[in-house]
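Step one of this worksheet: look at the structure below.
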Amino acid sequence: MHQLIGRVRSWLGLRTVAGQVFLLQAVVVLILVVAAVAALLLQSKADAVREARNRSLAVATAIAASPSVRQALSSPNPTAALQQQAEETRKRSAVDFVVIMSPTGIRYTHPNRAEIGRHYIGSIEAAQHGGIVTETTAGTLGPSVRTVVPVIAGDGKVVGLVAAGITVKRVSVAADRQVPLVLAATGVVLSAATGGTALISRRLRRQTHGLGPAQMTRMYEHHDAVLHSVREGVLIVDAQGCLLLANDEARRLLQLRTDGEGRPIPELGLERKAEQLLESGRASTDEVIEVGDRLLAVSQRPMVQQPGPGGWVATLRDTTELRALMGRVEVVQERLKLLYDAGIRIGTTLDVTHTAQELAEFAVPRFADYVTVDLVDAVVRGEEASQLSAAELRRVALQGIRKDVPLYPPGGLIKFNPSTPQGSGFDSGQMVLEADMGAFSGWQAQDPDRARKLVAYGIHSMIVAPLRARGVILGVATFWRSKEPTPFTREDLSLAEELVARAAVSIDNARRFTREHTMAVTLQRSLLPHALPEQSAVDVAHRYLPAEAGLGGVGGDWFDVIPLPGARVAIVVGDVVGHGLHATATMGQLRTAVHNFSTLDLPPDELLWHLDELVTRIDQDRDGDSDTPTLTGATCLYAVYDPVSRLCTMASAGHLEPIIVRPDGHADLPRVPVGPPLGLGGLPYEKTEILLPENSSIALYTDGLIEDRQRDIDESIERLRRALGHAGRTPDQMCQAAMDAMLPAAPRDDVALIVARTRLLDGKHTVSWAVPSDPSAVAGVRAAATQCLLDWGLEEEAFTVELVLSELVTNAIRHATGPIGVRLIRDRSLICEVSDGSSVSPHLRRATTMDEGGRGLFLVAQFADRWGTRYTSDGKVIWTEQQLNAQP
């Protein structure tokens, strides 16, 4: 039933209480009407059956009691006497049949003459013994009632039977005629009930504002929660200023009387300020009023819904504990903000001293009036802190609200007494609070006179916080108060500890970086040339500047000047990608390799090819070590200058082109073919030969000199060219001009610059002869060389030169092909060169006592200070050097 009602309600869209009440009442009336009709029909059916029984009994009894029937039954032909009488009686009594039969049940009469003489169908046993049989049967015409009555003679003997039957339908026709009347009455009643229900529902709808049951239930639950469960006071005041409703919390906060509802506000006995606010009805938000020992935040709003009774609603919150809690929250928020700002402002650089100064500047005056930071001296230098120097710290930072504070100034070493807060704090690693310095409880043991000056100055409390990072104490920070009258408390210890913990990590990071940077710089400077070798081919000036700490770190830039045989010189500059110790170590490997390859006196292109092969093999060895980067990306420029021929031969492996400055100040790029960086492998390098006038300058540099985020690289190279393109400058002046024009204040990459001014060894310093391929020409060469040495004033070297030339020229005539040439060069040493057209290099060996030859090169090696072989495009040159006491 409930489901049916729900479906009907959903069909009709009746979601309000009034609509649902109307529907429920209509359904109830309809059910009552249906029940009445059903009861009427059931009662009519029962009455019909009873009436059928009575009628059939009366008809059968009347016929059985008739004397004519008893007389006819004793006649020879009862049917002739009784058939007509039975039919007349049936019609008059409105029954369906009247049957007169013998005591044995043989029919004498029947409405259907064909049935006369047949046995009666039905129960007659009781009637045969003088009783009455009444039974109800279901025939083709519906339910029927039949009664069998005995015909008794005067002697009490049953002489016959009379049966009368009638269908129930024939009797119930009268009751059916009453159904329309009942239905009409039902319609009238239903209409009246519906009209009344509609009136009731309309009034109910106005009172409930069209709300449904769920909404009304929810409203009641909310109302109950507001009254009893909400921990905020609620008051409703009507337009006349009388209290309509107050929940439990409002009664508790205002201490209202239990009978206060319905009374005007002035009669509630409230505090004056609360009474004025509630009585005024003005809008307010969190207006704080004092009620007894409580602080209440009152928010009040008028009820402006139309239509409505008017009035206003007020809510009350107890802010007594909230006020104290908010005060503590504000303190916590300020401290969190302080720590957040500290994380941003402390440790902006990787410099130990600057980071300590940032801590001091940040804490003044937000946390302390004066701050000092004392660090272990080794930490300042970037080294590991040593506990052995615990009592001796260097003051690196002092910041305060005034400059004349009588504290130890920065820069000096302070040996703290172990009993002082600084000494004990450093030794134990624990925070130390000295809340009342005026009590002189032992902190003054370091310097009593200075302690008295500090107290007289107004400093009254301090906190000593050890700077601990990664389990190591780096120093102590001391916070002092003077202007702030409140001394430090235990709560301030946690803030100071958090503050110095952040600063300590930044200081340790700076220390580690300083150590690594110092190590990298030391390693790099140890791998770079400390002093350029003496040679006469060029005048050299150079500049090397490692990257600024914290911006890029030490990289792998290097330069070199390598003297070569024949008074020549090699000028090298290179760059390894990356920064740090790995780049520096790689630079050392490459510089050593270049030195080794230069001893072979290879042309620049061949030397770079061998260097590329070496880098490729090193990278292949490192492929299995994922932590070690490869060398691929290193660049190198190798230039060889011959002061005799004025020929400069250059080759580049991915490096920037040099700048050539002519004696007249014109600067240009020689267009050196740039090969691939070292380590790519398999690609050729090309060399360029340039004939340079005397006093020309060659400037070689790394990309750190010209790279700038604000300029294109071509623009930077042009700017460097203009800075170098001036006549009359020395190499050192050219270096300085380039650095001033190109370098930022703090370079992000290493800068290497080398400027070489060419010299010329003219005919006064060199002499050469062509030697025919004839052994007899050896004597002429010896004589010419001896005369040349006499002219140069080197007669002391004549014997050695004669011996060397004799052996070398003789070997060339015997074992090599022409042309054969001899050249003497007087430089810082005396150089003898013998050239031929053969590419076969002689080998030094020791001849036995029985050998006729093989002692020539051995004698040369014994008498010459240095000797060797270099190959040319036309053959080879065997050279020797003899040191001279006098400069050329």
Side-chain angles (χ1 to χ4, degrees), residues 531-540 561-571 598-599 601 640-649 691-696 731 756-771 777-812 819-836 856-857 859-870 872 875-888:
L532 296 180
E534 294 182 357
Q535 42 80 36
S536 301
V538 290
D539 290 330
V540 179
V561 177
I562 306 173
L564 298 177
R568 295 169 304 131
V569 66
I571 306 170
S598 67
T599 60
D601 211 350
V640 176
Y641 175 68
D642 187 347
V644 177
S645 64
R646 296 184 292 112
L647 189 66
C648 182
T649 307
L691 193 62
L692 297 177
E694 185 180 7
N695 293 325
S696 297
R757 174 158 295 175
T758 63
R759 291 178 179 176
L760 176 63
L761 294 179
D762 52 16
K764 297 179 180 181
H765 297 80
T766 64
V767 63
S768 61
W769 303 277
V771 180
V778 176
V781 173
R782 288 199 304 265
T786 301
Q787 184 59 46
C788 179
L789 293 178
L790 291 176
D791 295 339
W792 286 345
L794 300 176
E795 56 274 6
E796 295 180 358
E797 307 295 334
F799 174 76
T800 303
V801 171
E802 286 182 6
L803 177 62
V804 169
L805 287 178
S806 295
E807 293 297 332
L808 295 181
V809 173
T810 300
N811 284 341
I820 300 173
V822 174
R823 184 171 69 169
L824 294 180
I825 301 174
R826 192 185 77 159
D827 191 21
R828 296 178 182 273
S829 60
L830 180 61
I831 303 170
C832 299
E833 295 181 345
V834 177
S835 61
D836 58 54
L857 284 180
L859 293 175
V860 171
Q862 292 295 317
F863 283 95
D865 294 317
R866 294 175 62 210
W867 76 281
T869 303
R870 74 171 181 271
T872 66
K876 68 177 180 295
V877 175
I878 300 176
W879 55 269
T880 65
E881 286 187 8
Q882 295 170 247
Q883 295 297 325
L884 300 177
N885 295 326
Q887 296 295 326

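Fair warning: this is a prediction, and the values are worked out from it, not measured in the lab. When reading the values below, keep in mind they use all heavy atoms of this one structure, side chains included, and skip hydrogens, waters and symmetry mates.
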Inset, instruction - Quick one: do V809 and R782 satisfy side-chain contact (heavy atoms from CB on, under 4.5 Å)? Show the steps, please. - result: CA-CA 10 Å; V809 173; R782 288 199 304 265; over 6 Å; no
Inset, instruction - Take K876 and D836 through the test side-chain contact (heavy atoms from CB on, under 4.5 Å) and record every step on the way to the result. - result: CA-CA 6 Å; K876 68 177 180 295; D836 58 54; 2.9 Å; yes
Answer yes or no: is there a side-chain heavy-atom contact under 4.5 Å between [X] and [Y]?
{"X": "V540", "Y": "P731", "value": "no"}
{"X": "L830", "Y": "L789", "value": "yes"}
{"X": "D601", "Y": "P565", "value": "yes"}
{"X": "Q535", "Y": "R759", "value": "no"}
{"X": "V834", "Y": "L805", "value": "yes"}
{"X": "R866", "Y": "W879", "value": "yes"}
{"X": "P643", "Y": "L760", "value": "no"}
{"X": "N695", "Y": "R757", "value": "yes"}

Give me the atom names and distance for the closest heavy-atom approach of [X] to [Y].
{"X": "A567", "Y": "I831", "answer": "N-CD1, 3.5 Å"}
{"X": "T810", "Y": "S806", "answer": "OG1-O, 2.5 Å"}
{"X": "I825", "Y": "G566", "answer": "CD1-O, 4.0 Å"}
{"X": "T880", "Y": "A864", "answer": "CB-CB, 3.8 Å"}
{"X": "A798", "Y": "T786", "answer": "CB-CG2, 4.1 Å"}

Inset, instruction - Write out all pairs satisfying salt bridge (Lys or Arg N to Asp or Glu O under 4.0 Å) with one or both partners inside residues 788-800, taking only residues at least two apart or from two chains. - result: none
Could you measure the distance from the [atom1] atom of [X] to the [atom2] atom of [Y]? Nearest 0.5 Å is fine.
{"X": "S696", "Y": "Y641", "atom1": "OG", "atom2": "OH", "value": "7.5 Å"}
{"X": "S768", "Y": "E833", "atom1": "OG", "atom2": "CD", "value": "10.0 Å"}
{"X": "Q882", "Y": "T800", "atom1": "CD", "atom2": "OG1", "value": "5.0 Å"}
{"X": "S536", "Y": "D827", "atom1": "OG", "atom2": "CG", "value": "3.5 Å"}
{"X": "C832", "Y": "I878", "atom1": "SG", "atom2": "CD1", "value": "12.5 Å"}
{"X": "R568", "Y": "D642", "atom1": "CZ", "atom2": "CG", "value": "6.5 Å"}

Any side-chain to backbone donor/acceptor pair from [X] onto [Y]? Under 3.5 Å, distance only.
{"X": "W792", "Y": "H765", "value": "no"}
{"X": "T758", "Y": "P693", "value": "yes"}
{"X": "D865", "Y": "Q883", "value": "yes"}

Legend entry - Derivation and outcome, side-chain contact (heavy atoms from CB on, under 4.5 Å), residues D762 and E694: CA-CA 10 Å; D762 52 16; E694 185 180 7; over 6 Å; no
Legend entry - Evaluation steps, side-chain contact (heavy atoms from CB on, under 4.5 Å), between V801 and L794: CA-CA 10 Å; V801 171; L794 300 176; over 6 Å; no
